[in-house]
Amino acid sequence: GNGFRMIDPLRAHSSDPFGRDVNFTRWLFRAYLLVLFVLPLPLGSNRPLFWSLFVAAVAVLALVWATGWLMGVARWPGRMNEAKWVFVALGGFVAWAACRLLLGMGMFGYQPLLPVADIQAAVDALLLSTGLLLLAGLTILLARSSRRALQLLYVLVLAGLLQAIYGSLMMLSGMEWGFFQPKEFGRGLATGTFINRNHYANLLVLALSAGAGLLLAQMDLRGHNTMRRRLRSLLQATLGPKARLRIYMVVMVIALVLTRSRMGNTAFFAALTLVGLFALWRLRERSRPLVVLVISVLVIDIFVVGTWFGVEQVIDRIQKSVQVQDEQWVVQDKNRVDADRESVNIIIQSPIAGWGGGSFYTVYPAWRGDDQKFMDHAHNDFLEFTVEYGLVGLILLAWFMVLCFMRAGSGLEDRDRPRVFGVSFASVMAMTAMMIHATVDFSLQIPANAAWFVVLCLLPFALHGQNGAGNRR
């Protein structure tokens with residue numbers, strides 16, 4: 001009656017640039033979510049066919065968005081400018097991998113300036129790294145609102161739930177199938193559709209990080225002052241969407257315990273505790289909902305659920321990892337310790353530039369001891385990246401991680417915007433857990449795990465500084 005009308009951004013007229021952008025990117029975002037959901041299913045995409053399809057899919061999505069941007073249908077989000085240094089670091093790593101490959105191939109008639117142990121492996125590693133860079137860009141371009149960010153986290157939780165149900169049923173039923181075939185490795189353990197239980201456990205931890213962030217995004221972090229409000233909040237948590245999400249997390253914890261993965265379980269519970277304490281420190285005020293969440297996960301999942309499904313077996317494996325013999329600390333996992341020592345020797349031979357992407361498989365046998373088992377990866381992501389890309393590559397990746405941690409850490413100060421807090425918590429928890437797990441394993445060499453990790457690192461950049469309108473789109 002007063003001449004004004006509300007405009008729904010999801011149904012805006014085609015002449016509205018914001019409406020056109022939302023309608024255009026909505027379908028791209030759904031395809032992007034489908035890629036993330038499917039990626040872990042075929043052996044963690046750790047086969048050339050599967051990761052090649054992943055790279056092709058993200059390249060097509062990036063090309064479609066770029067075409068829409070050139071046609072004026074899509075718009076360049078301001079968040080991309082805020083994340084420019086992150087892309088400088090990540091893009092710099094990909095550029096360094098490409099330069100390293102060209103220098104090792106001796107292009108344009110010149111002799112190779114730097115040795116590359118395996119040209120084909122370096123090409124494959126460069127293609128996969130390029131795909132992860134494109135995925136990072138799509139995360140900012142498509143998941144650029146709090147609503148979409150939470151949908152992304154929920155898709156990761158559902159994908160983790162599917163893995164947890166499948167892996168647990170295969171183990172408990174005795175069927176022992178992996179990805180459409182009987183398991184050759186890890187029988188008697190939960191592995192989902194993965195080959196290695198540790199990589200499966202790492203993916204579950206990333207999904208649990210997303211779940212913890214989702215729970216916090218639905219909470220009032222300031223708490224309630226009256227008993228009536230506290231009781232209403234308790235009923236909502238018991239009967240509402242948060243209850244379903246909490247059940248999903250319990251199922252994933254069951255599968256995590258059934259993997260018997262020492263560092264997978266340690267990384268989850270250590271990351272949840274450390275990040276919970278860090279978040280309380282960043283808030284600078286006591287937050288009852290955050291304290292209740294952390295304690296409930298630790299108590300219910302470890303002492304109640306974990307006891308039923310054999311968490312004591314995981315603890316026993318951890319205790320046996322390092323023992324005291326003749327008043328000296330002795331590490332029982334000799335193969336990993338030897339591989340770490342030999343990896344350091346490889347790094348010393350070419351510390352700055354490394355041996356080329358994907359070269360560990362080719363380089364390692366020359367340094368392997370006579371009594372050492374063959375390993376196609378170093379059981380330490382930090383050492384393997386240094387072997388392959390040298391200190392240059394390691395520094396670029398460290399710079400990327402520091403920038404992501406700083407942005408996510410700043411979001412943990414905002415108790416008035418629980419969605420920003422929840423996404424930031426999921427990101428910091430995923431980074432903390434991955435850095436703990438990376439000291440003894442090579443989960444970042446698995447395409448599905450690496451892709452999820454990159455997405456969780458970049459997601460806080462999509463939210464910071466948004467106004468109310470931006471959150472609704």
>> Going by the rule side chain to side chain donor-acceptor pair (under 3.5 Å), which residues pair with T362 if we only count those two or more places apart in sequence or in a different chain?
In response: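 T362 satisfies side chain to side chain donor-acceptor pair (under 3.5 Å) with D118 once adjacent residues are dropped.
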Heavy-atom donor-acceptor pair, [X] side chain to [Y] backbone, under 3.5 Å:
X: N202; Y: N198; result: no
X: T439; Y: I436; result: yes
X: R282; Y: G409; result: yes
X: Y248; Y: L208; result: no
X: S45; Y: L39; result: yes
X: T191; Y: N196; result: no
X: R100; Y: G354; result: yes
X: D441; Y: S443; result: no

>> Please report whether the ring centroid of H199 lies less than 6.0 Å from that of F442.
In response: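 F442 vs H199: aromatic centres under 6.0 Å.
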> Yes or no on side-chain contact (heavy atoms from CB on, under 4.5 Å) for I346 and T386, after CA distance, side-chain angles and deciding distance?
Replying inline: CA-CA 9 Å; I346 298 173; T386 310; over 6 Å; no
Quick one: closest heavy-atom pair of [X] and [Y], and the distance?
X: M401; Y: C457; value: SD-SG, 4.3 Å
X: L412; Y: L283; value: O-CD2, 3.4 Å
X: Y200; Y: A164; value: OH-CA, 3.4 Å
X: R147; Y: R419; value: N-NH1, 3.9 Å
X: A378; Y: S343; value: CB-OG, 3.8 Å
X: V157; Y: A207; value: CG2-O, 3.7 Å

Just so I know, are the side chains of [X] and [Y] near enough to count as touching, which here means a heavy-atom distance under 4.5 Å?
X: F382; Y: M435; result: yes
X: V423; Y: L150; result: yes
X: P40; Y: F194; result: yes
X: L36; Y: W452; result: yes
X: I395; Y: F93; result: no
X: M249; Y: L215; result: yes
X: V205; Y: H437; result: no
X: T25; Y: L141; result: no

Has [X] got more than 12 heavy atoms of other residues, nucleotides or ligands less than 6.0 Å from its [atom1]?
X: Y361; atom1: OH; answer: no
X: W399; atom1: CH2; answer: yes
X: F185; atom1: CZ; answer: no

>> Hydrogens and angles aside, do T193 and Q163 bring a side-chain donor and acceptor to less than 3.5 Å of each other?
In response: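 Per modelled atom types, T193 and Q163 side chains form a pair under 3.5 Å.
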> Do D124 and Q120 get their side chains close enough for a donor-acceptor pair, meaning under 3.5 Å?
Replying inline: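 Yes, Q120 and D124 have a side-chain donor paired with an acceptor closer than 3.5 Å.
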[atom1]-[atom2] distance between [X] and [Y], expressed to the nearest 0.5 angstrom:
X: S209; Y: L214; atom1: OG; atom2: CG; answer: 11.0 Å
X: L138; Y: L61; atom1: CG; atom2: CG; answer: 6.0 Å
X: L383; Y: I347; atom1: CG; atom2: CD1; answer: 5.0 Å
X: W85; Y: F461; atom1: CH2; atom2: CZ; answer: 13.0 Å
X: N46; Y: W51; atom1: CG; atom2: CH2; answer: 10.5 Å
X: K84; Y: I140; atom1: NZ; atom2: CD1; answer: 14.5 Å

>> The test is side-chain contact (heavy atoms from CB on, under 4.5 Å); show your working for L41 and F180 and say whether it passes.
In response: CA-CA 10 Å; L41 292 176; F180 292 117; over 6 Å; no
>> So if I apply the side-chain contact (heavy atoms from CB on, under 4.5 Å) rule between Y32 and each of V58, V155, T139, which one comes out positive?
In response: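 Testing each of V58, V155, T139 against Y32, the sole residue satisfying side-chain contact (heavy atoms from CB on, under 4.5 Å) is T139.
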>> Go through it in stages, so that I can follow the logic: the residues are R26 and R148, the test is side-chain contact (heavy atoms from CB on, under 4.5 Å), and I'd like the CA-CA distance, side-chain angles, deciding distance and then a yes or no.
In response: CA-CA 9 Å; R26 181 171 60 220; R148 288 187 178 181; 3.9 Å; yes
> With under 30° as parallel and over 60° as perpendicular, where do the rings of F278 and F405 fit, or are they tilted in between?
Replying inline: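 It falls in the tilted class, 30° to 60°.
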> Which class fits the ring pair F179 and F50: parallel under 30°, tilted 30 to 60°, perpendicular over 60°?
Replying inline: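 Rings of F179 and F50: perpendicular, as their planes differ by over 60°.
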> Is there a side-chain contact (heavy atoms from CB on, under 4.5 Å) between T259 and L189 once you walk through the steps?
Replying inline: CA-CA 5 Å; T259 64; L189 302 166; 5.9 Å; no
